[in-house]
Amino acid sequence: MLEQKIESILFFRNEPVTLAELSKLLKVPRENLQFSISNLQKEYHGKGIVIVTDGESVSFGTHPVNSELIETLQKEELSRELGRAGLETLAIVLYRAPVSRREIDHIRGVNSTFILRTLLIRGLVERTEGAERGYNYKPTLTLLEYLGVTKREDLPEFGSAFAKIEEFVKTNPDEK
Amino acid sequence: MLEQKIESILFFRNEPVTLAELSKLLKVPRENLQFSISNLQKEYHGKGIVIVTDGESVSFGTHPVNSELIETLQKEELSRELGRAGLETLAIVLYRAPVSRREIDHIRGVNSTFILRTLLIRGLVERTEGAERGYNYKPTLTLLEYLGVTKREDLPEFGSAFAKIEEFVKTNPDEK
Amino acid sequence: MNSPTYTVKTHVFEGPLDLLLELVIKRKLFVNDVSLAEVTDDFISYIEKHEKFPIGESAEFILIASTLMLIKSRSLLPELMLTEEEEGAIHDLEDRLVLYARIKELSQRLKPIFGKEIIFEKLPARNPSIIFSPDSKTDVGNLLLALENLLESLPKKETLSKVTIKKVVSLEEMIEKLAERISKVGKLRFRDLKHKDKISVIIGFLAMLELVKRGAIRVTQERAGDIEIESASITIPNYA
């Protein structure tokens, strides 16, 4: 069903998608899309998420009645404690930058996708294009300033901690 | 309306939201949330997006029938490989969670440290603080999503998985 | 680095339960004490051929071998009374095997759906609004602490649990006791069971058990604790 497909694409992309792109992706003329989109708009009437369109591009959005709630949520997200996962991930990025997500996962022994996203949004780490297709992570300048560190060698126990990580990575190679 | 608010939050957040967070944010007891979430799951039936939950966390996702379509939009490579050890361990975690490493070892008759580490890194299982000092393992939402189910109960034979075995174990001691 | 036995093991069997289950299934049997008695010899001879397991696994193999031995002893000599603990070990093994078989079935149900029709979460926002927000613990001291805790918990070489070692060490003892008890039931005695390793003790024991059952050997008791086996093969009557 066309509506279903549009919903999936809009949700997944998480940003406005042009009708031109949808038309290409779904091999469906614009008119059909417009019809389906207006159907969807009706379908989502009264729900917590809405379909927003300017006639050229379409996206999902949260319903404006909940904007206060979303603002609270946003603030709450930024003020939440980082927890063990957050601190250890941040520490790895600090001591081993530039470091790929894969290597972070390997050292921590758990998946770090979500925690890295949090660290990114909170301006603590940033990513740079890595070698293969993945990204590399490094601390932001703001973080370094905040920590009072001008170069990473200033980090406490830098030499020995770095060596320990290095040794682990070497003796426990990533299988894949 | 509670359902509306949940929808807005789920859509806004970039990762699964726990019931605990929702409960705090919306000042609503867990039971009400569970009720609303299961309502929402029904409401979204037949739509292009689904609500995935393991009873602890909740997330929106694209409908599994559109898997192929969405994959064409996905840049990251998906790893579908899973050996026998991985499948067996996932089956134990899925059908018997929360389960300790010791129980997993006992069921498989081999040490599962290594395979569990791999599954943790892939984000398919996660650990929670267990009773004594050990960890317990449970499936992640990501795992349910990889299997295309929106809740554990939709796994093949979920309800009856161990019915026969329990009977066997019960009758076994007086067999002789 | 490339130990051939290890390769064989990982590619063929994921540990002793996997092997045992395979042996039972291969003979199209159900899991019970009769089928387990039947596959005991195959199980032991497999271990014999693949003696160089990593220590942790060989321990598990030997433990299961010893339970199989109990099952087989009882099936050959019904007069043999097992202790409650031994009965418990047998039931436990049967229960484990049934559960493991079920897990394998379930894993086969998961296999075709894993990664087939995936539910995707949305992509992270491309240009999220970034606001520098450290938390109360974001300082060099806490970050170093977090790193040190992590480094501390990095996986180290697996050490065999003391419990397992203890159980394996007592295996020989168990065999001796069992031999003694069988000797009472079967009115016979055994030669010294102190072989060079545990597996040959088990194999020797099983072989002997088989022979005793067939009446092929006569064993005389010299004095307590000393066991002697005497071949009776010459006196086996020939009915042919």
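In what follows, chains are A, B, ... by sequence order, proteins preceding strands, each numbered from 1.
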Would you call C:P134 and A:L124 a side-chain contact if the rule is heavy atoms closer than 4.5 Å? yes

Option in A:L119, A:L143, A:T89, A:V149 with maximal non-hydrogen atom pairs under 4.5 Å from chain C: A:L143

Specify which of A:Q74, A:R80, A:R117 makes the most heavy-atom pairs with chain C at under 4.5 Å. A:R117

For C:F132, is the CZ atom crowded, meaning more than 12 foreign heavy atoms sit under 6.0 Å from it? yes

Proximal component of A:Y146, with respect to chain C [non-hydrogen, under 4.5 Å]: side chain

Interchain contact, A:R84 with chain C, by part (heavy-atom threshold 4.5 Å): neither

Value rounded to 0.5 Å, distance of CD1 in A:I107 from CG in C:L154: 8.0 Å

Between the CD atom in A:E15 and the CG atom in C:L123, the distance rounded to the nearest 0.5 Å is 8.0 Å

For A:F114, is it the side chain, the backbone, both, or neither that has a heavy atom closer than 4.5 Å to a heavy atom of chain C? side chain

Can you tell me how far apart OG1 (C:T138) and CG (A:L82) are? Round to the nearest 0.5 Å. 5.0 Å

Gap separating the CG atom of C:L147 from the CZ atom of A:F162, nearest 0.5 angstrom: 11.5 Å

CD/A:E88 to CG/C:L150 distance, rounded to the nearest 0.5 angstrom? 4.5 Å

State, yes or no, whether a side-chain contact exists between C:I130 and A:L120 at a heavy-atom distance under 4.5 Å. no

With side chains defined as the heavy atoms from C-beta onward, is the minimum distance between A:D154 and C:V140 less than 4.5 Å? no

What part of A:Y95 lies closer than 4.5 angstrom to a heavy atom of chain C: side chain, backbone, both or neither? side chain

Please check if the number of heavy atoms outside A:E68 that lie under 6.0 Å from its CD is greater than 12. no

Using non-hydrogen atoms only, which part of C:P128 is less than 4.5 Å away from chain A: side chain, backbone, both, or neither? side chain

How many angstroms lie between NZ in A:K75 and CD1 in C:I131, if you round to the nearest 0.5 Å? 10.0 Å

Around atom NZ of A:K5, are there more than 12 heavy atoms of other residues, nucleotides or ligands at under 6.0 Å? no

Check whether A:L94 gets within reach of chain C through its side chain, its backbone, both or neither, counting any heavy atom under 4.5 Å. side chain

Check this for me: A:K47, atom NZ, are more than 12 non-hydrogen atoms of other residues, nucleotides or ligands nearer than 6.0 Å? yes

Within the structure provided, determine whether A:R122 and C:D135 are in side-chain contact (heavy-atom separation under 4.5 Å). yes

Applying a strict 4.5 Å limit to non-hydrogen atoms, the region of A:L155 in contact with chain C is side chain

Could you have a look at A:E81, A:R13, A:R108, A:K164 and say which one has the most heavy-atom pairs with chain C under 4.5 angstrom? A:E81

